[in-house]
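Heads up, the thing below is written out as structure tokens.
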2 protein chains.
Amino acid sequence: MNIGIASERSGLPAKTIRYYEDIGLLKPDRGDNGYRDYSTSDVHRLRFVQRARGLGFTVSECRQLLSLYDDTGRESADVKSIATAKLVEIDRKIAELKGLRDVLSHLVAHCHGDHRPDCPIIDELAGAQPGS
Amino acid sequence: MNIGIASERSGLPAKTIRYYEDIGLLKPDRGDNGYRDYSTSDVHRLRFVQRARGLGFTVSECRQLLSLYDDTGRESADVKSIATAKLVEIDRKIAELKGLRDVLSHLVAHCHGDHRPDCPIIDELAGAQPGS
DNA sequence: ACAAACCTTCCCAAAACAGGAAGCCTCATC
DNA sequence: GATGAGGCTTCCTGTTTTGGGAAGGTTTGT
């Protein structure tokens, strides 16, 4: 399929898809006309990256995550340790998002309208030390 | 407090803190020596941005989120609608992270070792259409 | 007073894109 | 089969969000 369709299906702009090819995240076939030809599996990779990027993973982290799928030549233990590390990170992110959620919903519920000099909820959130 | 301490407490490099000042995310006082002087509240803002950035919010989204705290002059309904929109987004992110978590943990549990041509879990994940 | 460790501004570079030009390819329509 | 719209290509430039490092002022400890 052409890049336009792949863009539609992955949720990524064509520009970005070409960029990802540039930096080696995927390597679609080329038709006789020189057009890129994306497989369903390419689209899966792209969607995966689209999600991960939106969740604060860097491109190089995405590369690592993708490598978990491309590990035919890789040691199983190696894959497992990377994946496990990512799982920890994901759990941390989930916890942080929940924290953020709490702050915002408290803000909506309690802090609307009056001129609050310093909302205690912010203090609470900010008080939690960052996961090292 | 000086930028070094603020950096330590917020988890952001001094460089980044100065950049955030440049683009108007915060405006610390200046001492007689020209040094920036950060308040506890400044550090809270910085920590907040640090978190939100790590969770995939753009700087301009962070600006919006911060504005929820700075809304003394803003209409309450306005704040509420922005905050509510952000809450929806956060919930989506949480759901996506959970999805990612599932994929990875399934990968660790089931897909280790053998040469799998196409893991069904990936298909499943990629099959879910993006939240419009 | 002198060095170490801060801080300042300024400039350049890199990562991750976005915009736009110039030129092919394709496809429907006349 | 020409023609025009739209999609694709590469290439170049620009923006955002930083990070590195130079050149120089400040503060602090000894």
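What you see below is based on every heavy atom in this structure, not just the backbone, and it leaves out hydrogens, waters and symmetry mates. Residue numbers start from 1 in every chain, and the chains themselves are labelled A, B, ... in the order their sequence lines are given, proteins ahead of strands.
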Expected string for nucleotides 11-24 of chain C under the B/S/- scheme (protein heavy atoms, under 4.0 Å, primed atoms plus P, OP1, OP2 as sugar-phosphate) is -----BSSBB----
Here the distance between atom P of D/dT27 and atom CE of B/M1, to the nearest Å, is 18 Å
To the nearest angstrom, the CG-P distance between B/D37 and C/dC7 comes to 12 Å
For this session: Output yes when at least one side-chain N/O atom of B/N33 is less than 4.0 Å from OP1 or OP2 of D/dT27, else no.
Result: yes
Between B/Y20 and B/R53, does the side chain to side chain contact (heavy atoms under 4.5 Å, CB included) criterion hold? Intermediate values first, please. CA-CA 12 Å; B/Y20 287 163; B/R53 292 288 293 127; 3.7 Å; yes
Rounding to 0.5 Å, atoms CG (A/L26) and CG (A/L46) come to a distance of 5.0 Å
Rounded to whole Å, the CD1-P distance (B/I3 to D/dT27) equals 16 Å
note: B/D29, atom CG; C/dC7, atom P; distance rounded to Å ~ 16 Å
note: B/L12, atom CG; D/dT18, atom P; distance rounded to Å ~ 8 Å
note: A/R18, atom CZ; D/dT10, atom P; distance rounded to Å ~ 7 Å
Assign each of A/A14 and B/D32 the nucleotide of DNA chain D bearing its closest heavy atom; nearer the 5' end lies the nucleotide of A/A14
A/I17 CD1 to D/dT9 C1', in whole Å, measures 15 Å
In whole angstroms, the gap separating C1' of D/dG6 from CD of A/E8 amounts to 14 Å
Basic-acidic side-chain contact under 4.0 Å: B/E8, B/R47
no
* Base, sugar-phosphate, or nothing for A/R36, non-hydrogen atoms under 4.0 angstrom? -> sugar-phosphate
- Query: Quick one: is the NZ or CZ of A/K86 closer than 6.0 Å to the six-membered ring centre of A/F57, and within 45° of its axis?
  - Reply: no
Should the pair B/R36-B/E21 be classified as a salt bridge under the 4.0 Å nitrogen-to-oxygen rule?
yes
Look only at the side chain of B/R45 and the backbone of B/V49, and say whether a donor-acceptor pair between them is shorter than 3.5 Å. no
Query - Path from A/Y35 to A/Y19 over hydrophobic side-chain contacts below 4.5 Å - result: no
